[in-house]
K.L.:
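Supplied in C-alpha cells, the structure appears directly below.
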Amino acid sequence: MSPAESAHFPRWHFFNQTTGVMSWLTTLDHKRIALMYFGAVVSALILGGLLALGIRLELFNPEPSLVDAQTYNRLFTLHGMVMVFLFMVPAIPAVFGNFFLPMMLGAKDVAFPRLNLASFYIYVTGALFTLWAIVHGGVDTGWTFYVPYSTTSVVAVAPVMLGIFIVGLSSILTGLNFIVTTHTLRAPGLNWGRLPLFVWNLYGTSIISVLATPVIGIVALLVAAEIIFGFGLFDPARGGDPVLFQHLFWFYSHPVVYVMVLPAMGVVSEVFATFCRRQIFGYKMLAVATLGIALVGFFVWGHHLFVAGQSTFDAGIFGVLSMLVGVFTAIKVFNWVMTLYKGAVDFTVPFALACFFLYFLIFGGMTGIALAVISLDVHWHDTYYVVAHFHFVMVGSVMMAFLAAVHYWFPKMFGRMYSERVALSAVAFIFIGFNLTFVPQFLLGNMGMPRRYHQYLPMFQSLNVASTMGAFILGLGMFLSLFALLWALKWGAVAGDNPFHSRGYEWNTASPPVQHNFHTPQVIVDGPHNYEGPPAAQPTAKVAHGVE
Amino acid sequence: MNHAHAQHHGLGFFFGILLSLLALTGLTYVTARVWSNYVPDVLHVPLALTIALVKAGLVAWFFMHLNAHAPVNRAYFVLALCFVALMMTLIVGDAMTRLPTAEPNFPGYQEVRGAP
Amino acid sequence: MASNEAAAVELTAHADHFVDAAHERRAAQFGMWLFLANEILLFGPLFTAFALYRYLYRDTFAYLSAVHLDWKLGTVNTVVLLVSSFTVVVAGWAARCRRSIWVGHALIATIVLAGGFLVVKYFEYTHKFHEGLLPGKYFTLDLAHDVALHMESLREMGLNPAQMRIGPGASMFFALYFLITGLHGLHVVIGMGVLGWMAVRAYRGEFAVRNDTPVELSGLYWHLVDLIWIFVYPTLYLL
Ligand SMILES: [Cu+2]
C-alpha cells in the first residue's frame with residue numbers, strides 16, 4: 001500500500017518538541033523510553049544473532065574447527081542468555097508495549113513514568129553487567145545455569161546471577177506499570193470489552209512478569225549464595241535436592257515463554273484485524289484464552305523435569321496440565337484463521353509476517369504438545385528436537401511477531417514508510433532461512449543428536465550443513481530488513497497518519513505522535529477495529545503543537 | 001473517597017486488632033509448645049499455618065486497609081498467595097511421591113543415626 | 001489565608017496524566033500492592049525450600065528448632081514487629097488527619113522498634129556464629145555430642161531422641177534460617193530507610209499540606225515485612 005500522496009510530515013512531534021541528548025536520557029515520555037529500549041534490544045538481537053552464526057559455523061564440521069570446546073560452551077551460553085534475558089523478554093512489551101499501550105488506552109502516558117525510565121536504566125545496567133560477567137568470567141553453564149554444574153564450576157557464575165536479578169527487576173517494574181496503567185488510565189468509554197487485543201496480551205504478560213520474575217530472582221541469588229557461601233541448598237552431599245533448583249527455575253522459566261509469546265499473539269491479533277478489515281473473530285474468547293494461557297502457564301513447569309528425577313506422580317500431573325496450554329493456544333489459532341476466512345485481506349509485509357507467525361506457532365506448538373507426552377520426551381529430551389521446538393516457538397513465532405510489529409507500527413512511530421518490496425524480500429529470506437535452519441534440527445534430534453555438543457557424529461553432517469546454510473540466509477534476511485528500515489528512517493516516503501487505514505485506537509493521532517499522544521482528549525465510543533460504517537474518530541485538530 | 005471508609009475506625013479499633021494479633025501469637029506458641037501433647041502430630045503444621053494466615057489476614061485487611069482498597073488489590077494479593085501455595089504443593093508433593101527420598105534411609109542418614 | 005490556599009493546591013496536586021489526586025492515589029496504591037505481590041513471590045521459594053527440607057528431615061529440623069533456636073527471642077521479635085506495625089498504622093492515621101508532627105513521632109517509634117528487632121537478631125546471629133551453627137560447609141557442630149548434651153531438655157519437651165532421626169539436613173536448617181531471616185532482615189533495613197525518610201518529611205511538616213500517599217505506601221511496605229515475619233516465626237521457631 002502506498003502512502004497517500006498528499007501526506008505531509010507534521011511540524012511538531014515527540015521527536016522535536018524537546019531536543020538535546022539530555023532531553024532523551026531524562027525523558028519521561030513513554031514513546032522515547034520505548035525507542036531507547038528499541039535501540040537496546042535490537043543491539044542485543046544483533047549480538048545474539050552473530051553468536052548464533054558463530055555457533056552454526058562451528059557446527060558446519062563434525063570435528064572441532066573454529067573454536068575449542070570451552071569457547072563453544074561459552075558461545076552458546078552467551079547466545080542463550082542474551083537472546084532470552086536481554087532480547088526476548090523485553091522485546092515486544094518494553095518497545096511496542098511501552099510505545100502503544102498508553103496510546104491504545106487513549107492515555108497520555110503510563111501510570112508511573114519515572115518508574116518506567118528507572119526500569120529502562122535498570123535494564124541497561126543489568127544487561128551490561130550480565131554481559132561483562134559472562135564474558136569476563138567465561139561462563140559456560142548454558143542459559144539455564146543448572147546446578148550442580150553452575151555451583152561447582154570454576155568459572156565465576158555468581159556475578160551473572162546478580163546481573164539476571166537486576167534485569168529481572170526491570171521486567172517486574174515494567175509489568176507492574178502496565179497493569180496499573182491498564183486498570184487506571186483507560187479513556188472514557190474504553191471498557192474492558194473494548195480493549196485492543198494487544199492490550200489484553202500485554203496484561204497477561206505483565207501478570208507473569210510481576211508474579212514469576214521474583215522467583216528467578218531469588219533462584220539466581222540462591223545459586224550465587226551457594227557458590228559464595230556453600231549453603232549446600234542444592235547439593236546432595238549436604239542433603240540438598242538439585243531437583244528443587246529445576247523446579248524453581250522452571251516455575252519462572254516456563255511462564256516466561258508466555259512473556260515472550262503473549263505479546264507476539266497480541267501483535268498478530270492487531271495485524272490480522274487491520275489487514276483483514278474486521279475485528280478478530282471471537283474477540284471475547286481470545287481475551288479469555290489470553291488470561292487462560294497466562295494462568296495455566298504457571299501450572300506446567302514440571303514438563304521440563306520428566307527425566308530429572310521428578311516423581312512419576314508429579315510428572316503425570318504436569319504432563320496432563322501441559323496439554324491445557326495447547327487448548328488455549330488452539331482457540332487463538334482457530335480465531336485467527338476464522339478472521340482470515342472471507343476477510344478482505346490486504347497483503348502487506350506485516351500481514352505476511354503474521355501468517356508466518358501462525359505457521360511457526362502451529363508447528364512449534366504441536367511439537368511442544370508432542371514433547372509434553374512423557375514417553376516421547378524421554379527420547380527427545382536434551383536433543384536437537386527440543387532446540388528446534390523452542391526456536392520455532394521463540395525465534396520463529398516471536399521473531400516474526402516482533403518483525404510484524406516493527407513493520408506494522410514503523411509508520412506510526414517514525415512517520416515514514418519503508419520500501420515494501422525490499423522489506424518483503426527480506427522477510428522471504430528470513431522465512432526460508434529459518435525453516436532451513438531448524439527443520440533439519442528436528443530430524444537431527446529425532447536421530448539422537450544431543451544438544452550443546454561441540455562435536456557430532458559424521459553421519460549428522462549433511463543436515464548440519466543445511467542448518468548452517470539456513471542460519472546464514474536467515475541472518476542475511478535480518479540484515480536486509482534492518483537496512484530497509486534504517487533507509488526508510490531517513491529517506492522513506494512520508495507515511496501519513498494512517499497509511500494502513502487501521503481502526504486501532506493508536507492510529508487516531510498524527511505519525512509520529514505528539515508529545516502527549518493525542519491532539520484532543522480521547523473518548524471511545526466503539527470497540528477497536530470496527531470497520532463497518534465510516535471511521536469513528538479521526539484526529540480532529542491538526543494544529544501544530546509547540547513545546548509545552 | 002476510598003480512605004473515608006478506613007477512617008471509620010479510630011485508633012482504638014486498630015489497637016484492638018493489635019491485641020488480637022498478640023493473643024494469636026500467644027495461641028500459636030502455646031499450641032505448638034506448651035500443649036503440644038494435646039495436639040495430634042499431624043495437626044501441628046496446619047494449626048500453626050492457620051493461625052499465621054488469620055494473623056496475616058488481620059494485618060492485610062485492617063492495618064493495610066485492604067478492606068477499603070480496590071477489589072483488584074485484594075485479587076492480586078490473594079493470587080500471589082495462591083501461587084506460593086501452588087509452588088509449595090507441587091514441589092513438596094514431588095518429594096512426597098518420589099519413593100527413594102521418602103524412605104527413612106535417605107543417603108547419609110545411616111551414618112548419623114547410630115551416633116546418639 | 002494565602003497559606004491555606006497553597007495547601008489546598010498542594011493537596012489536589014497530581015501528575016498531568018491523571019484526572020485528579022484521588023485517581024493518582026488509587027494508581028499508586030495498586031502499584032504498591034502489585035509490588036507486594038511480587039515480594040510475596042520473592043519469599044515464596046524460600047518457604048517452599050523450607051517446607052521441602054522439613055518434610056525430608058523432619059526430626060532434624062524439629063530438634064534444631066527446639067534446641068538451637070531461642071523461642072523467647074523469636075517471640076519477642078514477633079511482638080516487636082506487631083507493635084511496630086501498629087505504630088505505622090498510627091502514622092498513617094495521623095497523616096490522614098494532616099498532623100505531620102505526629103506522623104514523625106509514630107514513624108520514629110516504628111524505627112526504634114525496628115532497631116530493637118535488629119539488635120535481637122544481632123544477638124541471635126552472633127550466638128549461632130559462636131556455636132558453629134552456620135550453613136553448608138561452615139557447619140561445625142558435632143551433632144552426636146550435641147544430642148547427648150540436650151537429652152534432658154529434649155525429654156522435658158516431650159521429645160524422645162532415641163526415636164528421632166536426627167542428623168541429615170542439619171546444615172540445611174541453618175542455611176534456610178540464615179537465608180530467610182537474612183532476606184527478611186534486609187527488608188527491615190530497607191524499610192527503616194524508607195520510614196526514616198518519611199519521618200524527615202513529616203517533621204518538615206510536609207504531610208500537613210500534602211496528601212498522605214507516601215506515608216501510606218511506605219506503611220504498606222512495612223506491614224509486608226511484618227506479614228512475612230508472621231510466617232517466619234512459626235515455621236522457624238515453633239514447628
Ligand atoms: Cu515449558
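To find a chain, count down the sequence lines: A is the first, B the second, and so on, and within it residues start at 1.
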K.L.:
What do the steps show when you test B:Leu90 against A:Phe299 for side chain to side chain contact (heavy atoms under 4.5 Å, CB included), and what is the final call?
P.N.:
CA-CA 9 Å; B:Leu90 281 170; A:Phe299 290 73; 5.5 Å; no
K.L.:
Measuring only between side-chain heavy atoms, which start at C-beta, is B:Phe83 closer than 4.5 Å to A:Leu295?
P.N.:
yes
K.L.:
Let me know if A:Val210 has heavy atoms under 4.5 Å from chain B in its side chain, its backbone, both or neither.
P.N.:
neither
K.L.:
Against chain B, work out which of A:Ile179, A:Val215, A:Ile317 has the most heavy-atom pairs shorter than 4.5 Å and name it.
P.N.:
A:Ile179
K.L.:
Report which part of A:Phe251 has an atom under 4.5 Å of a heavy atom belonging to chain B: side chain, backbone, both, or neither.
P.N.:
side chain
K.L.:
Does atom CH2 of B:Trp35 have more than 12 heavy-atom neighbours from other groups under 6.0 Å away?
P.N.:
no
K.L.:
Between A:Gly309, A:Gly302, A:Ala315, which residue shows the highest count of heavy-atom pairs closer than 4.5 Å to chain B?
P.N.:
A:Gly309
K.L.:
With rounding to the nearest 0.5 angstrom, report the OH to CD1 distance, B:Tyr76 to A:Ile207.
P.N.:
3.5 Å
K.L.:
Looking at every heavy atom in both A:Trp301 and B:Ile91, which two are closest together, and how far apart are they?
P.N.:
CZ2-CG1, 3.9 Å
K.L.:
Name the region of A:Leu244, side chain, backbone, both or neither, that has any atom closer than 4.5 Å to a heavy atom of chain B.
P.N.:
side chain
K.L.:
Name all residues meeting the side chain to side chain contact (heavy atoms under 4.5 Å, CB included) criterion together with A:Thr181; count only those two or more places apart in sequence or in a different chain, and write none if there are none.
P.N.:
A:Leu101, A:Leu105, A:Val110, A:Ala111, A:Asn177, A:Leu185
K.L.:
Can you name the nearest heavy-atom pair linking B:Asp94 to A:Asp314, along with the distance?
P.N.:
CB-OD2, 3.1 Å
K.L.:
Looking at A:Phe313, I want to see if its CZ is surrounded by more than 12 non-hydrogen atoms of other residues, nucleotides or ligands under 6.0 Å.
P.N.:
no
